[in-house]
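For reference, the structure discussed in these notes is given below.
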Amino acid sequence: MTPPVNLSVVGSAVIYLALVTGVGIWAAGRTKSAKDFFIAGQKIGWIVTAFATMSAAFSGFVFMGGPGLMYRVGVASLFICIPVGFTSGFLCWVVGKRLRLLAGLREIYTVPDVILVRYGSRRASGLAAVAVIIGTIGYLGAQIQALGILIEMVFGTRAVLGQWSLPAAMILGCAVVVFYATAGGMVAGVYTDLFQGILMVAAAVAVFYYCLHSGGGLEAMSRSIVGSEVFGPSHLDPFGTLPVMTAVGFFFVFAVGLLGQPHMLHKFFMLSDPRALKWMPLVIGLTQSACVLIWLGIGLAVPALVAHGRMIALVNPDQAAPQFLLSFTPPILAGMVFAGVLAAIMSTADSFLNIGSAAIVRDLPKAFGRRVPNEFFWGRVAVVGIAGIAAVFAFLYQDLIALVGTFAFGTFAAALAPAVAIGLNWRRVTATAATASMATGMVVNLGLEFLSKQTFLDWLPSVSLKAGVLPAAVSLSASFTVLLFLTWLSPAETQPDLDPDVEFVMDL
Amino acid sequence: MLVCGWFEGFVPELSFVLLVMAFPAALIALAVARDGKLGPLCLPLLALTLMLEVCGIAMLLLRGQILEAPWFGGFPVAAAIQIYGLWLGPLLLVALAYGLTFDHWELREEDLRRFDARRNRSDGNTEG
């Protein structure tokens with residue numbers, strides 16, 4: 001990206017970083033136990049939870065990568081984000097109520113805790129913890145890398161620090177997130193998420209207005225794109241630029257796969273009252289949709305402006321958002337959006353720091369039948385440790401971490417979605433079926449993604465799926481299939497004896 | 001190279017679209033059914049399934065016909081179906097169906113009384 005160093009952008013970023021640090025200091029005084037640290041004491045209201053869920057779900061990709069992808073492939077890219085139309089209700093119906101009720105009856109702070117209680121299997125819970133740790137390192141490393149690149153761009157540090165610019169920027173961004181995530185745990189996480197979520201929504205809506213304004217409205221922009229030689233009609237055809245299997249595969253993975261995302265499921269444990277679920281889908285759906293407006297708006301405006309000759313065609317599509325913001329919006333709004341992108345990255349990162357730390361301090365030891373004596377203290381230590389590991393990976397293996405980051409969503413989806421979503425709603429699902437499904441999801445997804453994209457090890461075979469079939473869609477389908485078939489094939493005498501609390505919750 | 005040639009062509013594409021669009025509603029039905037009944041959620045779930053399926057099929061049939069097809073809401077009709085039919089339509093349908101049926105289906109007063117009683121009996125949280 002072109003470094004857009006200007007005072008509004010720098011000022012917004014500094015104010016933003018100071019505010020989230022302040023929230024961390026405030027939250028530190030309210031974090032006194034492992035329950036406070038991991039699930040914010042289970043005292044969070046529905047609006048805060050809804051905003052926290054939304055902002056944790058959306059990383060900087062929605063603000064920067066999305067418009068760039070739409071510039072490149074047109075409206076087909078929207079299949080990644082339009083499932084937000086129904087996924088909030090989908091999530092609450094399929095898993096939200098039962099996760100919250102179980103967390104009210106048992107000491108449940110994490111998704112592997114849920115797996116342990118539901119299936120009574122330490123092996124299944126341990127496997128879920130491994131999936132969470134692998135995905136967390138990938139997701140977190142990618143966020144830290146993005147944070148470093150953005151801070152470097154905003155503050156223009158490359159001109160001063162040269163080759164040390166990126167590591168310095170990564171350390172600065174990482175230090176702020178680690179500070180508030182360590183000091184205030186999930187209390188800091190959800191309240192910074194609330195602030196970050198409001199900032200993201202306000203920035204996205206304002207930018208959408210400027211997109212409509214600069215492009216002359218939706219129809220004018222659309223007609224310019226359709227009539228353009230550079231883009232043409234296929235740009236506005238949902239199946240015009242990507243194979244159907246890819247486009248609909250995105251829809252499948254990003255809708256159904258949501259049921260396995262621990263950073264979203266985790267938020268249900270924090271709700272103060274199960275009744276608070278009632279209007280959460282409306283708030284999550286509306287706020288997510290508001291954020292997606294930036295993807296749609298810039299994704300339409302920039303090609304339309306290029307078609308009109310008011311912008312030059314982009315060499316790097318990822319420049320779509322920064323170029324538009326710096327050329328067509330007031331400096332203060334550009335600054336606000338850059339702060340919004342920082343917010344989106346940090347809100348995702350703080351969620352992963354927390355669940356990654358919980359996986360190390362709680363879930364893995366429990367899988368081996370042990371407990372760490374002071375989870376609160378060691379949870380804080382683990383936050384620093386996991387951030388350090390992810391940052392080192394992100395710096396040393398920049399290409400690899402970007403690759404891992406892109407398939408972390410698929411890993412979570414394939415490993416956890418069937419065991420959680422079907423397991424909480426169908427008594428017959430056995431621990432064996434859940435374990436096999438998780439193992440299948442992880443192995444197939446990591447194997448296919450790695451073999452299809454890696455360029456580090458020449459001797460490994462290259463695997464590619466024809467007709468645009470997504471590895472994540474294959475692995476998610478495979479893990480659902482394994483779980484369903486093994487459950488159907490299980491003889492009646494192997495049907496699990498459910499824990500009474502689990503049985504009670506599944507009855508409601 | 002994995003060979004997945006059977007994924008190419010209209011029939012496999014249509015089958016994939018039909019399956020993907022039906023899957024979310026099927027999972028919701030599994031989760032919300034009480035004694036095998038969907039109660040007040042029957043109609044909203046049917047509407048969601050139809051909305052997703054019809055939009056998916058329509059986009060598939062309209063593929064490559066942007067110039068010939070009419071426009072709606074600022075977009076060629078295929079893109080309008082994608083944006084209004086797959087995104088904004090389900091947003092209102094699902095969020096309102098969830099909120100409006102919550103008290104008398106998703107989590108009834110009777111359920112909450114039983115839940116509170118059980119929680120009190122188990123003396124708060126126990127080991128997970």
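Residue numbers begin at 1 in each chain, while the letters A, B, ... track the order of the sequences.
- Under 4.0 Å is where a charged nitrogen must lie from a carboxylate oxygen, and between B:Asp111 and A:Lys97 no such pair does.
- In this structure, chain A has a heavy atom under 4.5 Å from the side chain of B:Phe23, while its backbone stays farther away.
- Ranked by non-hydrogen atom pairs under 4.5 Å with chain B, the options A:Glu219, A:Met506, A:Lys278 are led by A:Lys278.
- Looking at A:Val117 and A:Leu105, their side chains never come closer than 4.5 Å, going by heavy atoms from C-beta outward.
- Remark: side-chain polar atoms of B:Thr101 are paired, donor with acceptor, to backbone N or O of B:Ala97 under 3.5 angstrom.
- If you measure heavy-atom distances from A:Ser289 to chain B, the contacts under 4.5 Å come from both the backbone and the side chain.
- With a 4.5 Å cut-off on non-hydrogen atoms, B:Leu52 touches chain A through its side chain but not through its backbone.
- Between chain B and the residues A:Leu286, A:Val84, A:Leu277, the most heavy-atom pairs under 4.5 angstrom are made by A:Leu277.
- In terms of heavy-atom pairs under 4.5 angstrom with chain A, the leader among B:Leu27, B:Leu41, B:Ile66 is B:Ile66.
- Of the two parts of A:Arg223, the backbone and the side chain both hold a non-hydrogen atom closer than 4.5 Å to a non-hydrogen atom of chain B.
- Each of B:Leu88, B:Asp103, B:Leu93, B:Val17 has some count of heavy-atom pairs under 4.5 Å with chain A, and the biggest count is that of B:Asp103.
- Of the atoms belonging to A:Leu300, it is side-chain heavy atoms, and not backbone ones, that fall under 4.5 Å from chain B.
- A donor-acceptor pair under 3.5 Å is formed between the side chain of A:Gln42 and the backbone N or O of A:Ala103.
- Contacts between A:Trp279 and chain B at a heavy-atom distance below 4.5 Å involve the side chain alone, from C-beta outward.
- Of the listed residues B:Met21, B:Arg114, B:Arg108, the one with more heavy-atom pairs under 4.5 angstrom with chain A than any other is B:Arg114.
- Comparing B:Ala25, B:Ala95, B:Ala31 by heavy-atom pairs within less than 4.5 Å of chain A, the highest count is held by B:Ala31.
- Looking at heavy atoms from C-beta onward, A:Val502 lies out of side-chain contact with A:Arg98 at the 4.5 angstrom threshold.
- Per-residue counts of heavy-atom pairs under 4.5 Å with chain B were compared for A:Ser125, A:Gly89, A:Ser222; the largest is that of A:Ser222.
- With B:Tyr84 contributing its side chain and B:Gly73 its backbone, the two residues share a donor-acceptor pair below 3.5 Å.
- Two residues are said to be in side-chain contact when any heavy atoms from C-beta on lie closer than 4.5 Å; B:Leu107 and B:Leu112 meet this criterion.
- Proximity of a side-chain donor or acceptor of A:Glu375 to a complementary backbone N or O of A:Arg371 within less than 3.5 Å is not detected.
- A:Arg100 and B:Glu106 are not joined by a salt bridge, as no carboxylate oxygen comes within less than 4.0 angstrom of a charged side-chain nitrogen.
- Taking chain B as the reference chain and counting heavy-atom pairs below 4.5 Å, the highest number among A:Leu296, A:Asp237, A:Val94, A:Ile284 is found for A:Asp237.
- For the pair B:Lys37 and B:Asp35, the salt-bridge criterion is not met [side-chain N within less than 4.0 Å of a carboxylate O].
- For B:Arg118 (side chain) and A:Phe504 (main-chain N/O), no donor-acceptor pair under 3.5 Å exists by modelled atom type.
- Of the atoms belonging to A:Phe79, heavy atoms from both backbone and side chain fall under 4.5 Å from chain B.
- The residue among A:Gly232, A:Gly285, A:Ala473, A:Pro238 with the most heavy atom pairs within less than 4.5 Å of chain B is A:Pro238.
- Contacts of A:Pro83 with chain B are absent, with no heavy-atom separation under 4.5 Å from either backbone or side chain.
- Top candidate by heavy-atom pairs under 4.5 Å with chain B, chosen from A:Val283, A:Leu78, A:Leu218, is A:Leu218.
- For a residue to count as touching a neighbouring chain, one of its non-hydrogen atoms must lie under 4.5 Å from one of that chain's; by this rule A:Leu424 does not touch chain B.
- Contacts between A:Leu102 and chain B at a heavy-atom distance below 4.5 Å are absent for every atom of the residue.
- Here the side chain of B:Glu13 pairs no donor or acceptor atom with the backbone of B:Leu60 at under 3.5 angstrom.
- Using a 4.0 Å cut-off between charged nitrogen and carboxylate oxygen, A:Asp113 and A:Lys366 count as a salt-bridge pair.
- Under 4.0 Å is where a charged nitrogen must lie from a carboxylate oxygen, and between A:Arg427 and A:Asp507 at least one such pair does.
- Only the side chain of A:Val256 comes within less than 4.5 Å of a heavy atom of chain B; its backbone N, CA, C and O stay farther away.
- Contact count versus chain A (heavy atoms, under 4.5 Å) is highest, among B:Leu96, B:Leu62, B:Leu91, for B:Leu91.
- Of the two parts of B:Pro76, only the side chain, counted from C-beta on, holds a non-hydrogen atom closer than 4.5 Å to a non-hydrogen atom of chain A.
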